[in-house]
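Quick note: numbers below take in every heavy atom, side chains included, and nothing from hydrogens, waters or symmetry partners. Please read all numbers here as calculations on a predicted model, not as lab measurements. Below, read A as the first sequence line, B as the second, and so on, with proteins coming before strands; counting in each chain starts at 1.
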2 protein chains.
Amino acid sequence: MSITAGPAKTGRTTITDVARAAGVSVATVSKVINGRDGIAVATSARVMQVVDKLGYERSLVATSLRQSKTNVIGVLVAEFEPFALQLLQGISDALSDTQYDVLVYAGAVSVGNHRGWENRSLSRLGGTLIDAAILVTPTLASPDASIPLVAIDPHTGSGGPATIDGDNLSGARAATEHLISLGHTRVGHLRGRDDLESAHVRERGYREAMHDAGLPIPPTFVTTGGYRADDANSGAVALLDAEVRPTAVFAANDVSAIELIRVAHERGLRVPEDLSIVGFDDIPDAASASPALTTVRQPLREMGAAAVEAIIEMLQGKDTSAHMRLPTRLVVRASTAPPA
Amino acid sequence: MSITAGPAKTGRTTITDVARAAGVSVATVSKVINGRDGIAVATSARVMQVVDKLGYERSLVATSLRQSKTNVIGVLVAEFEPFALQLLQGISDALSDTQYDVLVYAGAVSVGNHRGWENRSLSRLGGTLIDAAILVTPTLASPDASIPLVAIDPHTGSGGPATIDGDNLSGARAATEHLISLGHTRVGHLRGRDDLESAHVRERGYREAMHDAGLPIPPTFVTTGGYRADDANSGAVALLDAEVRPTAVFAANDVSAIELIRVAHERGLRVPEDLSIVGFDDIPDAASASPALTTVRQPLREMGAAAVEAIIEMLQGKDTSAHMRLPTRLVVRASTAPPA
DNA sequence: CTGTTAGCGCATTCAG
DNA sequence: CTGAATGCGCTAACAG
């Protein structure tokens, strides 16, 4: 019933509009656009002209419903926190000389930190909106997907996708040992998100270092933070308001560490004189925190670039199930000092 | 074990798989999923169970092809540079308590800085993959779109969408005046991307301040940078290798300013002793640059949040064509000093 | 209450 | 060389 006439409805130019304007069928337009041969040069030129004139651009939606290739790589994150953002820069840089565009989907903003957000996102982007996906801090060991997958800071597990991570264990040990070597004996730990494998590994590194030094870990010395300031707040408060307060804390990530500095200041504690703090990640804000944060640097840009390389190899059919681990490095700045 | 049975072809579970497994028609499944009423409780329960079991999630692609609402807000950027990333944090935070998910599309990574990338992206995201879009540093005054639009750091023009920007003119004047008040008379300018309106405004601010101070601007004092280090390099080099070198430079953005510091160091120039530098934006790297960069701060997180507010109001049918301008502020750090 | 039918915009057969 | 028909996953009418 709906006899169409012109762009009309949505305002978007469709392949049909182009076909009508050029006086050919949609199939012809499709062929021209996709560079298929078997089209008269004159026709092709005329169609291209109309395409330009009308500013036609194929709809990713319709295309991906029909085809299996979109030249778009998806990056799936839970949220846009500094860690993911740094990674994104590396990913974007590495992709800038390729034919691929990037689409980043934040799957947990509207539903909270729902464990398993990656499967939800993967399903929603479904069929083939994206040709491959890079998962940032997934909470599942082996998300189900039918497209090439690389996980950054993964949930380890067998049979999972290719993974890229930093050396969390060494980093955590280095951080804790730094504190111990400064002379601290009451060293606490502000844990990361429980659903992150890397958070557990870092806690293990902390515990190992403490154990090796023969130092005790009272239960109140370990509390849980998160990767948002809000989440970190209660853990930070618990740590500092405990009966016996640690003189140094290793926080599982910089966001928590910075929140801890804030809470310490709120309580009149000086950092590092009264409390030494080490973070993890080395996000941009770490260096400009006050005091500048001692932290364990993860090569985030490089990790992002490595993920892109792996994904592209997979897309080219090479069987890359590499599990790459990049080194971490302690960066000593102003938030750590010997105990008073 | 992971999900078995059914999907076959793509590996993705579709509504058809669910229908078959539940022994009902796809229409029924659709109704259940969308909470339409007129479905027997028993049937509904059975379907839901199958949905859970199979881990079904509707495809954003197919849904958006058919419907006009996806609850996804698009953020369109040319690339993931620090400016956009900061904005993204504000946007993400502001969206975290809403029903909306975020999808960020970088439209210029695979094709270079193509003027008009926003129309291309808008077209590709087409019909209704997204309910509304936030444009970051668009290069067009009035992109055509049939969905609510807000532009951050826009190309001004009449009839355009709602816009959010920082006070570029005042900021640029403040930066230049700061340099002049320090005693500099040879003040240069490293321009921003030519396709950005804000870059022109900043240049105007610089020229006005110079004019008001009665200072000359030799042609070699103004060169062009960009928002990537590579782009900024040639402009920086030209500025420093000129016959008569400025003793101070106002760079149109922090990325350029930081690159300028690098180039200056390369030539054995000390900053700020031999060359004072002011940037613009106050991205995280500005504070941790060496020396710490004096810059004009734009409230990027707030600008992102403001964009979200505006978009949501538009989505609710309120007629918000506000043009919001947030204040900028000079932040003096270590990269500026009186001339030697 | 539930199943059938008809597209959304596009690319791909398969006949002209 | 070109055009009409078909289907991708899904939902809105409309039948049954």
> Which residue lies toward the 5' end of DNA chain C, A62(A) or G38(B), if each is placed at its nearest nucleotide?
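Mapping each residue to its closest nucleotide by heavy atoms, the 5'-most match is G38(B).
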> Among dG3(C), dT2(D), dG9(D), which nucleotide has an atom closest to any side-chain atom of T14(B)?
dG9(D)
> Show your working on side chain to side chain donor-acceptor pair (under 3.5 Å) between D101(A) and Y105(B) and close with a plain yes or no.
CA-CA 8 Å; D101(A) 273 352; Y105(B) 191 77; 2.9 Å; yes
> Of all heavy-atom pairs between T16(A) and V26(A), which one has the smallest distance, and what is that distance?
CA-CG1, 3.9 Å
> Compute whether any side-chain donor of one residue and acceptor of the other, for T139(B) and E118(B), lie under 3.5 angstrom apart.
yes
> Rounded to the Å, how far apart are L60(B) CG and dT11(D) P?
11 Å
> Inspect the contact between D231(B) and R193(B) and indicate whether a charged nitrogen and a carboxylate oxygen are less than 4.0 angstrom apart.
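A salt bridge is absent here (no side-chain N lies under 4.0 Å from a carboxylate O).
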> For D17(B) and dG9(D), what is the distance between atoms CG and P respectively, to the nearest whole Å?
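Going from CG in D17(B) over to P in dG9(D) covers 8 Å.
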> Heavy atoms, side chains only, cut-off 4.5 Å: are V102(A) and V104(A) in contact?
yes
> To the nearest 0.5 angstrom, please state how far the OG1 atom of T43(A) sits from the NZ atom of K31(A).
11.0 Å
> Find the distance D37(A):CG to dT2(D):P and express it as a whole number of Å.
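Rounded to the whole Å, the gap is 12 Å.
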> Just checking V26(A): base, sugar-phosphate only, or nothing, at a heavy-atom cut-off of under 4.0 Å?
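Nothing, no nucleic acid heavy atom in range.
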> Is Q67(B) near enough to dC10(D) that one of its side-chain N or O atoms lies under 4.0 angstrom from OP1 or OP2?
no
> What integer distance in Å separates K31(B):NZ from dT2(C):P?
9 Å
> Is S30(B) touching bases, backbone alone, or none of the nucleic acid, heavy atoms closer than 4.0 Å?
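The residue S30(B) makes base contact.
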> Examine dC10(C): is either OP1 or OP2 under 4.0 Å from a nitrogen or oxygen in the side chain of Y56(A)? Give yes or no.
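Checking dC10(C) against Y56(A), a side-chain N or O does come within under 4.0 Å of OP1 or OP2.
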> Specify the separation, in whole Å, of atom CG of L125(A) and atom P of dG9(D).
16 Å
> Is there a donor in the side chain of D153(A) and an acceptor in the side chain of S198(A), or the other way round, less than 3.5 Å apart?
yes
> Distance check needed: dC10(C) C1' versus R58(A) CZ, whole Å only.
10 Å
> Mind calculating the distance between CG (L65(B)) and C1' (dC8(D)) to the nearest angstrom?
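To the nearest whole Å, that distance equals 9 Å.
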> Whole angstroms only, please: what is the CG-P distance between L129(A) and dG9(C)?
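These atoms are roughly 16 Å apart.
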> Please determine whether a side-chain nitrogen or oxygen atom of S59(A) lies at a distance below 4.0 Å from atom OP1 or OP2 of dG9(C).
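For dG9(C), neither OP1 nor OP2 has a side-chain N or O of S59(A) closer than 4.0 Å.
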> Look at T28(A) and dG3(D) and indicate whether a side-chain polar atom (N or O) is within less than 4.0 Å of OP1 or OP2.
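Answer yes for this pair, as a side-chain N or O of T28(A) is under 4.0 Å from OP1 or OP2.
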> Please list, by residue number, the residues of residues 39-48 of chain A whose heavy atoms come closer than 4.0 Å to an atom of DNA chain D; answer none if no residue qualifies.
I39(A), A40(A), T43(A)
> Please check: side-chain N/O of T98(A) versus main-chain N/O of L95(A), any donor-acceptor pairing under 3.5 Å?
yes
> Taking only side-chain nitrogens and oxygens of R36(A), does any of them come within less than 4.0 Å of OP1 or OP2 of dT12(C)?
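True: R36(A) side-chain N/O within range (under 4.0 Å) of dT12(C) OP1/OP2.
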> Could you please name the option among dG9(C), dT2(D), dT12(C) that lies closest to any side-chain atom of A27(A)?
dT12(C)
> With nearest nucleotides of DNA chain D determined for S25(A) and I33(B) from heavy-atom distances, which residue corresponds to the more 5′ nucleotide?
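Here S25(A) is the residue nearer the 5' end.
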